[in-house]
Number of protein chains: 2
Amino acid sequence: MQQSYSKKMPPRRSGPGGAKGWWRGRFKGCGYRFTVPRQVILDTLNRTSKHLSAEDIYLAVHRTCPNIGLTTVYRTLELLVQIGLVFKFDFGDGRARYELSRETHPREHCYLVCISCGRAINADDFREKETERVKQIEETIAKRYNFRVRNQITQFYGLCGKCSKGKVI
Amino acid sequence: MQQSYSKKMPPRRSGPGGAKGWWRGRFKGCGYRFTVPRQVILDTLNRTSKHLSAEDIYLAVHRTCPNIGLTTVYRTLELLVQIGLVFKFDFGDGRARYELSRETHPREHCYLVCISCGRAINADDFREKETERVKQIEETIAKRYNFRVRNQITQFYGLCGKCSKGKVI
DNA sequence: TGCTTAGTGAAAATGGTTTTCATTATTAAT
DNA sequence: ATTAATAATGAAAACCATTTTCACTAAGCA
């Protein structure tokens with residue numbers, strides 16, 4: 001039972017408990033409990049800017065809390081994505097990646113994915129200056145498709161330097 | 001052993017065998033055999049503009065050639081992606097989708113993916129007028145990252161009309 | 001403090017994809 | 001054409017990220 005939540009969000013890092021306080025409020029506001037596993041998983045995501053897989057998170061979490069199982073990691077991540085606190089990505093390598101949604105960070109992501117070796121190269125810097133344009137696009141989409149954009153990813157598929165060596169096409 | 005292939009491509013639908021002739025040449029040029037399963041799978045992809053999953057293709061192919069197995073479908077698709085004849089997509093629903101690469105069709109794809117119900121809405125029309133801009137971006141990427149772009153997909157993650165009902169956030 | 005119920009963890013199940021391996025079909029050489 | 005070499009195939013098994021099941025635990029309200 002997800003409840004509606006006030007549009008006026010409190011600033012993320014102020015108030016009792018800092019980020020944790022904000023998260024807690026967000027959980028409660030949606031009718032969920034703010035449990036230890038959920039705190040620890042959010043903390044882990046908060047400590048890095050990388051895109052972690054569920055197993056990455058499980059292993060990191062496992063060091064401090066060995067009793068937290070992989071199942072809970074998956075379940076929590078699913079919930080966090082639903083709530084909108086975490087973004088889920090798929091680079092086509094058979095495992096999903098997760099990243100904490102930070103308002104101070106760009107919500108536009110850009111990757112170069114090599115179709116030969118599967119390597120994914122981050123090219124976010126590419127989009128930074130396009131924020132305005134992207135905002136416009138999102139507004140248009142909201143109107144035309146009645147769709148609320150939360151996150152955006154652009155992937156360029158092709159051949160990386162190594163893999164394109166010697167190939168003309 | 002992938003061989004280099006002349007940059008001057010013959011027109012896709014002319015010459016002996018039409019598209020098939022072109023495909024055949026492409027296979028041979030790369031050192032691969034143009035077998036019946038590969039023909040049939042390419043034909044199937046050629047007959048639709050939808051994004052088919054491996055199973056979709058298997059079922060379609062199975063009607064005419066019941067002896068073609070799912071394994072071959074997967075193997076052929078992987079090869080086709082490597083050769084650059086087919087694009088592979090991932091909407092995060094646990095199964096990959098494939099689409100024939102047609103030069104007459106745009107290589108820019110745009111989707112709205114609902115993080116609540118998982119529905120993927122095609123919004124390609126959105127990009128059609130941006131072809132020039134996208135070309136520039138691809139050129140810059142090629143230079144800066146030494147990366148040859150073959151295909152591009154932009155996904156907007158968010159809430160579709162149905163799923164955002166009653167939610168303020 | 002106790003009660004209700006959401007949340008958790010271990011193990012099993014699921015399901016798309018990949019690997020294995022014996023067989024078949026294609027190509028190049030004869 | 002026939003044959004030899006090897007690439008391609010199909011069925012079954014393996015793989016592996018993710019999900020489900022179910023008995024148990026802990027958060028939050030009365």
Side-chain angles (χ1 to χ4, degrees), chain A residues 1-3 17 20 23-42 51-59 61-62 64-83 86 88-98 115 117-118, chain B residues 1-3 20 23-42 51-59 61-62 64-83 86 88-98 115 118:
Chain A
M1 288 315 110
Q2 226 157 294
Q3 306 239 319
K20 261 180 208 168
W23 293 335
R24 184 187 183 86
R26 181 71 182 258
F27 271 84
K28 308 299 280 294
C30 292
Y32 298 115
R33 294 175 183 174
F34 192 56
T35 64
V36 173
R38 287 171 183 178
Q39 283 179 55
V40 176
I41 289 167
L42 264 172
H51 296 75
L52 303 177
S53 68
E55 200 187 352
D56 291 338
I57 295 167
Y58 169 71
L59 290 173
V61 157
H62 203 74
T64 33
C65 303
N67 51 324
I68 295 177
L70 184 56
T71 311
T72 299
V73 173
Y74 274 108
R75 269 190 295 229
T76 302
L77 286 171
E78 194 192 347
L79 179 64
L80 291 171
V81 170
Q82 287 282 331
I83 291 181
V86 162
K88 182 180 183 180
F89 296 104
D90 209 316
F91 296 147
D93 65 341
R95 66 183 58 193
R97 312 274 168 170
Y98 300 87
I115 58 174
C117 66
Chain B
M1 292 316 109
Q2 226 156 294
Q3 306 239 322
K20 262 179 206 167
W23 295 333
R24 183 185 183 87
R26 181 70 183 255
F27 270 83
K28 306 299 280 290
C30 293
Y32 298 116
R33 295 176 181 172
F34 192 57
T35 63
V36 172
R38 289 173 181 175
Q39 284 180 54
V40 177
I41 289 167
L42 265 171
H51 295 75
L52 303 177
S53 68
E55 200 187 352
D56 291 338
I57 295 167
Y58 170 70
L59 291 173
V61 157
H62 203 74
T64 34
C65 304
N67 51 323
I68 294 178
L70 185 56
T71 312
T72 298
V73 173
Y74 274 107
R75 269 191 296 232
T76 302
L77 287 171
E78 193 192 347
L79 178 66
L80 291 170
V81 170
Q82 287 282 332
I83 291 183
V86 161
K88 182 180 182 180
F89 296 103
D90 209 317
F91 296 146
D93 66 340
R95 66 182 59 193
R97 312 273 168 172
Y98 300 86
I115 58 174

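Protein chains get the first letters and strands the later ones, always in sequence-line order, with residue 1 at the start of each.
- Side-chain to base pairing of A:Thr71 with C:dA11: one donor and one acceptor N or O lie within less than 3.5 Å of each other.
- Rounded to whole Å, the distance from CG on A:Leu77 to C1' on D:dT19 is 14 Å.
- Between the CZ atom of A:Phe27 and the C1' atom of C:dA6 there is a distance of 13 Å, rounded to whole Å.
- Counting heavy atoms from C-beta on, the side chains of B:Arg75 and B:Thr72 come closer than 4.5 Å.
- OP1 or OP2 of D:dT9 sits under 4.0 Å from a side-chain N or O of B:Arg38.
- Where B:Pro37 and A:Ser53 each meet DNA chain D at their nearest nucleotide, the meeting point lying more 5' is that of B:Pro37.
- For B:Arg33 against C:dT27, no side-chain N or O and base N or O form a donor-acceptor pair under 3.5 Å.
- One can place CG of B:Asp93 at 14 Å from C1' of D:dA17, the figure rounded to the nearest angstrom.
- For A:Tyr74, there are no ring-ring contact (aromatic ring centres under 6.0 Å, His included) partners at least two apart in sequence or on another chain.
- Between B:Trp23 and B:Ile83, every side-chain heavy-atom pair lies at or beyond the 4.5 Å cut-off.
- Side-chain proximity of A:Thr76 to D:dT9, D:dT18, C:dT8: nearest is C:dT8.
- Atom CZ of A:Arg95 is separated from atom P of D:dC16 by 10 Å (rounded to the nearest Å).
- Each end of the helix from C:dT1-D:dA30 to C:dT30-D:dA1 gets its own axis, taken as the rotation carrying the C1' atoms of four end pairs onto the next four within a five-pair window, and the two axes meet at 30° to the nearest 10 degrees.
- In this structure, B:Phe34 atom CZ and D:dA7 atom P are separated by 19 Å, rounded to whole Å.
- Counting heavy atoms from C-beta outward, B:Asp56 and B:Tyr98 have side chains that stay 4.5 Å or more apart.
- Distances shown here put every side-chain N or O of A:Tyr74 at or beyond 4.0 Å from the OP1 or OP2 atom of D:dT19.
- Residue contacts for B:Arg75: at a heavy-atom cut-off of 4.0 Å it reaches a base atom on one of the strands shown.
- With a 4.5 Å cut-off on side-chain heavy atoms, B:Leu80 and B:Phe27 count as touching.
- A residue-by-residue look at B:Glu55 and B:Arg24 shows that B:Glu55 has its nearest nucleotide of DNA chain C further toward the 5' end.
- In this structure, A:Leu70 atom CG and C:dA13 atom P are separated by 18 Å, rounded to whole Å.
- In this entry the distance linking CG of A:Asp90 with P of D:dA17 reads 13 Å, nearest Å.
- The aromatic rings of A:His51 and A:Phe89 lie perpendicular to each other, with more than 60° between the two planes, well past the 30° mark.
- The shortest distance between side-chain heavy atoms of B:Asp90 and B:Lys88 does not fall below 4.5 Å.
- Atom CG of B:Asn67 is separated from atom P of D:dA8 by 17 Å (rounded to the nearest Å).
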